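Since the structure is predicted, the reported quantities are computational estimates derived from the model, not experimental observations.
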Amino acid sequence: MTRTPQVAPLLRLAAVAAVAVAVLPLSGCLYAQIPAGQSTGGPSSADPEPTDAPPEDPGTGSTLTFAEGLELDSTAYIEWGDGFLTDEAWKSVSPDDGNGGWTYGTLDDTCTAQFWQGRIADVPVVADDDSASSDAILGVLLQSPTEDVTSLATTGEFSYLVGGAGGVETRQVVGEEGERSWLMAARAFTQIGVGLYVIVDCTGADAEATLDLVNEANAVAVTP
């Protein structure tokens with residue numbers, strides 16, 4: 001259950017997302033207002049037909065650390081596996097927009113998960129540094145300098161090849177305000193010039209716990 005690769009620049013998507021950020025230097029906390037998605041119907045006709053077959057194992061091991069990402073072939077094919085397509089606990093909020101982004105929501109409307117995949121040619125990446133470049137993706141989304149994001153972000157993981165297995169190192173920032181919590185996690189692959197991110201936004205639920213559910217169902221697929 002994978003999606004076709006997208007090539008839209010990340011800055012264009014960030015402009016559409018209109019994610020605003022306020023950095024609070026005294027507390028060291030970073031907050032963002034993430035607009036709620038609007039339902040636009042079912043999956044787009046451009047999406048591939050769903051399949052229950054797991055992503056093919058390219059034989060690259062069980063992890064994809066930042067260092068291991070530099071060893072990938074420049075022609076490798078990287079994409080999200082769309083596990084929510086057939087998950088009865090989630091529904092489509094915004095189908096594939098043709099620019100690499102789509103959003104799912106929980107049936108009880110407490111959380112959304114906004115996915116993106118695409119090229120990062122217009123992101124201020126750091127050559128041969130997937131960690132710093134992942135911070136740069138977050139910086140674009142948060143409209144903040146990369147160095148500000150780096151000081152607040154932590155290292156996490158996306159699932160690799162098989163849902164729930166972990167292994168793909170990411171950089172992430174989290175925030176909380178009242179009953180609302182959110183988490184942004186991103187991974188850049190500088191050798192290939194592409195990136196992935198997910199934004200989990202919850203009201204009345206825990207965003208970090210919801211990211212675990214996202215990871216269980218949606219693995220990063222890499223094909224040489």
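Annotation: the span from Leu211 atom CG to Phe158 atom CZ amounts to 7.0 Å, rounded to 0.5 Å. Residue Glu157 holds its CD atom at 6.5 Å from CD of Glu169, rounded to the nearest 0.5 Å. Taken to the nearest 0.5 Å, the OG atom of Ser134 stands 7.5 Å off from the CZ atom of Phe189. Put simply, CZ on Arg187 and CD1 on Ile120 are 10.0 Å apart, with the number rounded to the nearest 0.5 Å.
Nearest heavy-atom pair, Gly101 versus Trp116, reported as atom, atom and distance to 0.1 Å: N-CD1, 4.0 Å. The shortest heavy-atom contact between Asn99 and Asp96 is N-OD1, 4.4 Å. For the pair Asn215 and Ser159, the tightest heavy-atom approach, listed with the atom from each and the gap, is O-OG, 2.6 Å. A pairwise comparison of heavy atoms in Trp90 and Cys111 identifies CZ3-O, 4.4 Å as the closest pair.
For Glu208, the side chain to side chain contact (heavy atoms under 4.5 Å, CB included) partners are Val174, Leu183, Asp206, not counting sequence neighbours. For Asp73, the salt bridge (Lys or Arg N to Asp or Glu O under 4.0 Å) criterion is met by no residue, not counting sequence neighbours. Under the side chain to side chain donor-acceptor pair (under 3.5 Å) criterion, Arg171 pairs with Asp135, Thr155, not counting sequence neighbours.
Connection of Val126 to Val149 is not established within any shared hydrophobic cluster, with ILVMFWY side chains joined at heavy-atom distances below 4.5 Å, either directly or through further cluster members.
Remark: the Asp82 side chain and the Tyr104 side chain contain an N/O donor-acceptor pair separated by less than 3.5 Å. Looking only at atom types and distance, the side chain of Glu68 has a donor-acceptor partner in the side chain of Thr63 under 3.5 Å away. Donor-acceptor pairing under 3.5 Å is lacking for the side chains of Ser131 and Asp129.
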Trace of the side chain to side chain contact (heavy atoms under 4.5 Å, CB included) decision for Trp102 with Gln117: CA-CA 9 Å; Trp102 62 94; Gln117 59 188 24; 3.8 Å; yes

Just do the side-chain hydrogen bond (donor to acceptor under 3.5 Å, both in side chains) check on Thr112 and Asp201 with the steps written out, would you? CA-CA 5 Å; Thr112 58; Asp201 184 14; 4.6 Å; no

Side chain to side chain contact (heavy atoms under 4.5 Å, CB included) evaluation trace for Leu196 with Phe115: CA-CA 8 Å; Leu196 308 165; Phe115 296 86; over 6 Å; no

Begin from the C-alpha positions of Val222 and Tyr77 and carry the test side chain to side chain contact (heavy atoms under 4.5 Å, CB included) through to its verdict. CA-CA 6 Å; Val222 180; Tyr77 182 89; over 6 Å; no

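Distance alone, capped at 3.5 Å, places no donor-acceptor pair between the Gln191 side chain and the Leu72 backbone.
With salt bridges taken as basic N to acidic carboxylate O contacts below 4.0 Å, none links Asp108 and Lys91.
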